[in-house]
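Contents: one structure, followed by commentary.
Side chains are part of it too, since the values below use all heavy atoms of this structure and drop only hydrogens, waters and symmetry mates.
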Amino acid sequence: MEKRKLGYVALEKPIRHGWFREVVITRKVERYRYKAAILEVFAKMQTCHWGKTKADAQEQWDEATRGFYIHRNLPTLSKRQFNKLSQKAQGLCTPFQFRHEKSHKLITRFYVRIPKGVYKIKFSRAYVTHSRIVDPEIESELDWIDSQLLKPGFYEAEQVLNRYHWDHKFDNYLRFKKENKQVKEKLRNLKHYSADQLIKEDVSWEIN
């Protein structure tokens, strides 16, 4: 908390730091009477993805597209973001559903329906404009705390308190559930084989 309170200081000269693949609003937005709703929705979007090179930035963009964070070439909104919009802005959003790759839960997100002329997708240079203020005393204390966590028993206790720690047992459960589903599907497909094929074991049992 104390480290966060220190804040940042502006650099005298910005430093080049990679590229952004981003969505930007154009001047044509002024033509539309619901301009305020368009800008309100746009303010909720994650409009850019960073990469060290243009190829890296494009890769991050493509990864977001595969995860449905970008749909129809526009960033999508979560339920929480959608609920914070005004009624007019919500009228520009359409819900769609997909299953999460790992948990297989059905997730709802919202893609935005705005005229193509009011936005464009482009690469732009990224710069570091501010630097974090560093307090040597706080950094020294944090290093001491990290050294204590390396002692036997402390690391395990810290992992229990870590809310973002991934449970590998749950990961194994999902893998078992997937393999079990595939085995059941193979068993159901046995009815498509003749008795002679089953006796000769002329059946594919490969599990993906």
Here the pair of heavy atoms bringing P75 nearest to V112 is O-CG2, 4.2 Å

For T108, the side-chain contact (heavy atoms from CB on, under 4.5 Å) test, sequence neighbours excluded, returns K79, P95, Q97, F110

In this structure, CG of L92 is separated from CD of E40 (nearest 0.5 Å) by 9.0 Å

| Would you call the rings of W19 and F123 parallel, tilted or perpendicular if under 30° counts as parallel and over 60° as perpendicular? | perpendicular

For Y127, the hydrophobic cluster (side chain heavy atoms closer than 4.5 Å, chained through members) also holds none

Rounded to the nearest 0.5 Å, the NZ atom of K120 sits from the CD1 atom of I25 at a distance of 11.5 Å

Tracing side-chain contacts under 4.5 Å among Ile, Leu, Val, Met, Phe, Trp and Tyr outward from I15 reaches L11, V128

Worksheet item: Just checking, R109 and F68: is the charged tip under 6.0 Å from the six-membered ring centre and within 45° of the axis?
Response: no

Please report the C-alpha distance between I121 and N73 in whole Å, then the side-chain angles of each, then the deciding distance to 0.1 Å, and finally whether the side chain to side chain contact (heavy atoms under 4.5 Å, CB included) criterion is met.
-> CA-CA 8 Å; I121 303 170; N73 289 327; 4.0 Å; yes

Applying ring-ring contact (aromatic ring centres under 6.0 Å, His included) to Y69 and not counting sequence neighbours gives none

Looking only at heavy atoms, the pair that brings L85 and L77 closest together is CD1-CD1, 3.8 Å

- Item | T26 side chain to G117 backbone, donor-acceptor under 3.5 Å | yes

Correct closest heavy-atom pair for W50 and Q60 would be O-CG, 3.4 Å

Interatomic distance, CG@L74 vs OH@Y119, rounded to 0.5 Å, equals 4.0 Å

Here the gap from R21 atom CZ to I70 atom CD1, rounded to the nearest 0.5 Å, amounts to 9.0 Å

Apart from Y8 itself, members of its ILVMFWY cluster (side-chain separation under 4.5 Å) are none

For E59, the side-chain contact (heavy atoms from CB on, under 4.5 Å) test, sequence neighbours excluded, returns D56

Smallest heavy-atom separation, F42 atom then V23 atom, equals CZ-O, 3.2 Å

Value for NZ (K122) from CD (E22), rounded to nearest 0.5 Å, stands at 5.5 Å

d(T53 OG1, Q58 CD) to nearest 0.5 Å is 10.5 Å

